[in-house]
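Single-structure report; data block below.
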Amino acid sequence: MAAGIAIGLHGGCGTLDPGLLSEAEWEESRAHMAKALRAGWQVLKAGGSALDAVQASVVVMEDSPHFNAGHGAALTENAQHELDASIMDGASLAAGAVCTVRRIRNPVLAARAVLDSGQAVLLSGPAADDFAQSRGLAMVDPAYFTTQRRVDALRSLQARAATGAFVPASEAEKHGTVGAVARDMQGHLAAATSTGGFNNKPSGRVGDSPIIGAGTYAKDGVCAVSCTGQGEIFIRRVAAYDLAARISYAHQTLAAAADALVFDTLASHSIGAGLIALGASGEPVAPYNTLGMYRGWISTDGQLTVATHRALHAMGPA
Ligand code: ASP
């Protein structure tokens, strides 16, 4: 059944104006994606599960300041962090998620702990923080998540709102998310997603990332997918599950299903949207309808590729 191991990830889509970061910063963001992919790949190569692999990759992305998850997460309208994450096992359809958490260093680990507990799929707010603490996960002061980039973005968004000047926020100011998908030696699939949501979001707002079927979905023999873009639309479109349903019921190929979802269904709401997905045999797709999307994969041939804009950076063997 198993043709090979594979892993893919995204770090959010958006305008990604090339002038947004220095060349050294773009380079570093690509290096962090490569590191995250290799972390998952090591798990898969050692015979570990797709579930452990996506978790390992997302932890590295959460620890990087370049992405809107964990350290570097977006701020709410009250300049607080409220983080969402989820993880799903395509073999059993077991899933775990947390939302609006504030003190868990790596929210994806809390999502995994919820999955492992088998008692719930989604825990929220302070109770989810307490649950993670009781499971022995690393807890931090919320200031750990804050970076100057997010503070500046929040200030500029709020200053523009106060003057009434309608200047739409760039996707980079607003959005971003990280996610990973993997296929292991047994042919099992898994997906995980983690996010700070978007800058200046209302306090208490929950996006698609922790909603199974909206921002994250995995089912063996079908696909594993993690989404990025304005979560409200992904929830209303049940986007991640829609991808799986197109493949299962409409017998679309992964590539056709992903393109239809991103370029027709989601784009019809005039939102930036993107996703990373693997098909049943580990083939990656990473469509996005914005100027760029942080993304990368190690395909079944062991070659590592990362990209931020159209150009792909082939990094050679993993
Ligand atoms: N989907 C995320 C959310 O709405 C944000 C993003 O991916 O840009 O919370």
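Keep in mind that what you see is a predicted model, and the values were worked out from it rather than measured. When a ligand or atom number is given, it counts from 1 through the structure's own listing order.
Per-residue contacts place T228 under 4.0 angstrom from the following atoms of ligand 1 (heavy atoms of the residue considered): 6 (C), 7 (O), 8 (O). Close approach of ligand 1 to T177 (heavy-atom distance below 4.0 Å) involves ligand atoms 1 (N), 2 (C), 5 (C), 6 (C), 7 (O), 8 (O).
Applying the 6.0 Å contact sphere to NZ of K201 captures more than 12 heavy atoms from other residues, nucleotides or ligands.
For T195, no nitrogen or oxygen atom sits less than 3.5 Å from a nitrogen or oxygen atom of ligand 1, counting backbone and side chain alike. Inclusion of E232 in the set of residues having an N or O under 3.5 Å from an N or O of ligand 1 is not warranted. The shortest N or O to N or O distance between G229 and ligand 1 is below 3.5 Å. Considering both main-chain and side-chain atoms, G207 never comes within under 3.5 Å of ligand 1 through any nitrogen or oxygen pair. Ligand 1 has a nitrogen or oxygen under 3.5 angstrom from a nitrogen or oxygen of R205.
Under the 4.5 Å side-chain criterion, counting only non-hydrogen atoms from C-beta, L9 is not in contact with W297. The shortest distance between side-chain heavy atoms of E82 and R205 does not fall below 4.5 Å. E28 places none of its side-chain heavy atoms less than 4.5 Å from the side chain of L21.
Transitive grouping of hydrophobic side chains (ILVMFWY, heavy atoms separated by less than 4.5 Å) keeps M293 and M33 in distinct clusters.
Under a 4.0 Å N-O distance rule, the pair D130/R103 qualifies as a salt bridge.
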